[in-house]
**Q** 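Below you'll find the structure I mean.
Hydrogens, waters and symmetry mates play no part in the numbers below; they use all other heavy atoms, side chains included. In each ligand, atom 1 is the first atom listed, and ligand 1 is the first ligand listed.
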Amino acid sequence: MLFLRFQRCPFSLTPGWGALTLAAGCRAVDLAIIGLPQSGKTALFKALAADHGGEEQRLAAERQEHVAVVKVPDQRLERLADMVQPKKVTPAELRLHDLPAPLQRGVALAPEHASILAGADALVHVVRAFRRPDVPHPQGSVDPHRDIGAMDLELVFHDLAIVERRLERLEMVVRSARPGEREAGERELRPLRRVREYLEQEQPLRNQPVTPEEMKQLANYGLLTLKPVLLVINIDEADVSTTPVIEADIRARYAAVRIGVAAVCARLEADLAELSLEEAIQFRQELGAAEPAAQRILALAYDVLGFVTFYTVVGDECRAWPVPAGSTALAAAGKIHSDMERGFIRAEAIAYDALLAAGSLAEARKHGLLRTEGKQYVVQDGDVLHILFHV
Ligand SMILES: Nc1nc2c(ncn2[C@@H]2O[C@H](COP(=O)(O)OP(=O)(O)OP(=O)(O)O)[C@@H](O)[C@H]2O)c(=O)[nH]1
Ligand SMILES: [Mg+2]
């Protein structure tokens, strides 16, 4: 049925396109929350996931679920929706994983936790800064800088073990390979040897000069220090009024490309997130607490991924799509639906600002503002795309 509709009308914005978009089976963007025992990982998870969500989220919390899908705050999408007035607005989503077990040298992770970590697009590292004598710190004292370094070292050792195991096996294969096959093995060995050097110097890989080609070769090993990280300093209730100062200090020390920084009192935010929005606003005022944190932290987590967002306005839906920076129009089409990738003809593209200035898609089209782009076009952040395809 869908097939016929697309064949007859591959070029127009029919509701059929919307139906296809909704059927998208694209991979979620995954964030794994890590940190020392009792640093506040679950509290942060609740703060980000509950979001004044009412009964459904309360039940999920009661079931002690450790996975939640949350929406990425997006002002551009809101403005686009104001303009288009669609029936449905679908923001980009992040899937949060609250990992119960800490990484510890010599302690094997349960396979399900290991695969969540390996598959995560970014890590959210919760660092304890709250003081509470009744919650003992595994190191005996509260020291965020020590803990940030210690976790990085755990991640480095984790990666080094993976790289050494792989190198050992590959070197054996290469030694006994025929000359023709040896070259392929050598190609795989090269980036592994290079990153081993960094790891042996206890350097996380996330900010080392790794070429895109090497990045591709290393992508399947699940190396944790290669992933971007958001450091979340979990501050004390008594310190919430100075959140921006604490955050600025930590940012000056640690923020970099692929390293984001936030300060938050996770337990307070988790408690507030369980209240209705009105009650939470009132409590916040009484406590002199900082701005609501969940939206800010989710936006920071999204930023650190280094993704670009493109938008589709199709049928009754305005939707935001995250794709890694540098993705082509063809990859963007595949993100929406595999049929769109398979039958890709071309894309019509307009920058978000230009569309807003034009006032509507129809006006933009009338004034020739929709560019025609091919498969290899590199999607720009804020592009509004219309994929034309034929299956
Ligand atoms: N005062 C204060 N207590 C907190 C804060 N965040 C967490 N806690 C408390 O610290 C304890 C541990 O918090 P969790 O969120 O369970 O920490 P976790 O990292 O998930 O712990 P594990 O999963 O056991 O490693 C709980 O008693 C929390 O109430 C905070 O921001 N302030
Ligand atoms: Mg926990």
**Q** Are V135 and ligand 1 in contact, using a heavy-atom cut-off of under 4.0 Å?
**A**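 Right, V135 reaches ligand 1.
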**Q** Under a 3.5 Å distance rule, please check whether D383 uses its side chain to pair with a backbone N or O of F310 as donor and acceptor.
**A**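 It does not hold such a pair.
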**Q** Determine whether the side chain, the backbone, both or neither of R131 has a heavy atom under 4.0 Å from any heavy atom of ligand 1.
**A** neither
**Q** What's the count of protein N, O or S atoms under 2.8 Å from the Mg ion (ligand 2)?
**A** 1
**Q** Counting only heavy atoms, which portion of R132 has something under 4.0 Å from ligand 1: side chain, backbone, both, or neither?
**A**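 The side chain, only.
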**Q** Please determine, by modelled atom types, if Y198 and T225 share a side-chain donor-acceptor pair under 3.5 angstrom.
**A**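 Looking only at side-chain atoms, T225 and Y198 do not form any donor-acceptor pair under 3.5 Å.
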**Q** To check you understand the geometry: which heavy-atom pair defines the closest contact between S39 and N234, and what is its length?
**A**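 S39 and N234 have their closest heavy atoms at O-ND2, 2.9 Å.
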**Q** If the cut-off is 4.0 Å to any non-hydrogen atom of Q38, which atoms of ligand 1 fall inside it?
**A** 11 (C), 12 (C), 17 (O), 18 (P), 19 (O), 21 (O), 22 (P), 24 (O), 25 (O)
**Q** Identify the two heavy atoms, one from V308 and one from V379, that lie closest to each other, and give their separation to 0.1 Å.
**A** CG2-O, 4.1 Å
**Q** Pairs under 3.5 angstrom only: tabulate donor-acceptor contacts from the side chains of residues 253-265 to other protein residues two or more places apart or in another chain.
**A**
{"unit_1": "Y254", "atom_1": "OH", "unit_2": "H145", "atom_2": "ND1", "d": "2.8"}
{"unit_1": "R258", "atom_1": "NE", "unit_2": "R206", "atom_2": "O", "d": "3.1"}
{"unit_1": "R258", "atom_1": "NH2", "unit_2": "L226", "atom_2": "O", "d": "2.3"}

**Q** Could you list the donor-acceptor pairs under 3.5 angstrom formed by side chains in residues 161-171, with sequence neighbours left out?
**A**
{"unit_1": "R166", "atom_1": "NE", "unit_2": "E188", "atom_2": "OE2", "d": "3.3"}
{"unit_1": "R166", "atom_1": "NH2", "unit_2": "E188", "atom_2": "OE2", "d": "3.1"}
{"unit_1": "E171", "atom_1": "OE2", "unit_2": "R193", "atom_2": "NH2", "d": "3.3"}

**Q** So for I235, does at least one of its heavy atoms come nearer than 4.0 angstrom to any atom of ligand 1?
**A** yes
**Q** N/O to N/O below 3.5 Å, does that happen between D236 and ligand 1?
**A**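 Looking only at distances, the answer is no, because the N/O contact criterion of under 3.5 Å is not met.
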**Q** So which atom in A333 and which in I387 form the shortest heavy-atom distance, rounded to 0.1 Å?
**A**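 Heavy atoms only, the tightest pair is CB-CG2, 3.8 Å.
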**Q** What closest approach, in Å, do A273 and A47 show between heavy atoms, and which atom pair accounts for it?
**A** CB-O, 3.9 Å
**Q** Has ligand 1 got any nitrogen or oxygen that is less than 3.5 angstrom from a nitrogen or oxygen of D98?
**A** no
**Q** Is the closest heavy atom of G35 to ligand 1 under 4.0 Å?
**A** no
**Q** Quick one: CZ on R95 to CG on L31, what's the gap to the nearest 0.5 Å?
**A**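 R95 CZ to L31 CG: 10.5 Å, rounded to 0.5 Å.
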**Q** Does D339 come within less than 4.0 Å of R342, counting only side-chain N to carboxylate O?
**A** yes
**Q** Quick one: look at V126 and ligand 1, take heavy-atom pairs under 4.0 Å, and tell me if it's side chain, backbone, both or neither.
**A** neither
**Q** For ligand 1 and A43, I'd like to know whether there is a polar contact (N/O to N/O, distance under 3.5 Å).
**A** yes
**Q** Taking only distance into account, with no hydrogens and no angle test, what donor-acceptor pairs under 3.5 Å do side-chain atoms of residues 172-180 form with protein atoms, sequence neighbours excluded?
**A**
{"unit_1": "S176", "atom_1": "OG", "unit_2": "M172", "atom_2": "O", "d": "3.2"}
{"unit_1": "S176", "atom_1": "OG", "unit_2": "V173", "atom_2": "O", "d": "3.3"}
{"unit_1": "R178", "atom_1": "NH2", "unit_2": "E181", "atom_2": "OE2", "d": "3.3"}

**Q** Tell me the contacting part of T42 for ligand 1: side chain, backbone, both, or neither, using a 4.0 Å heavy-atom threshold, strictly below.
**A**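 The answer is both.
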**Q** Closer than 4.0 Å to some heavy atom of A266 - which atoms of ligand 1 meet that?
**A**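 Result: 31 (O).
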**Q** Whether the E279 and S276 side chains hold a donor-acceptor pair (N or O, under 3.5 Å, no angle test) is what I'd like checked.
**A**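 The criterion, which ignores hydrogens and geometry beyond distance, is satisfied for S276 and E279.
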**Q** N/O to N/O below 3.5 Å, does that happen between G40 and ligand 1?
**A**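 Looking only at distances, the answer is yes, because the N/O contact criterion of under 3.5 Å is met.
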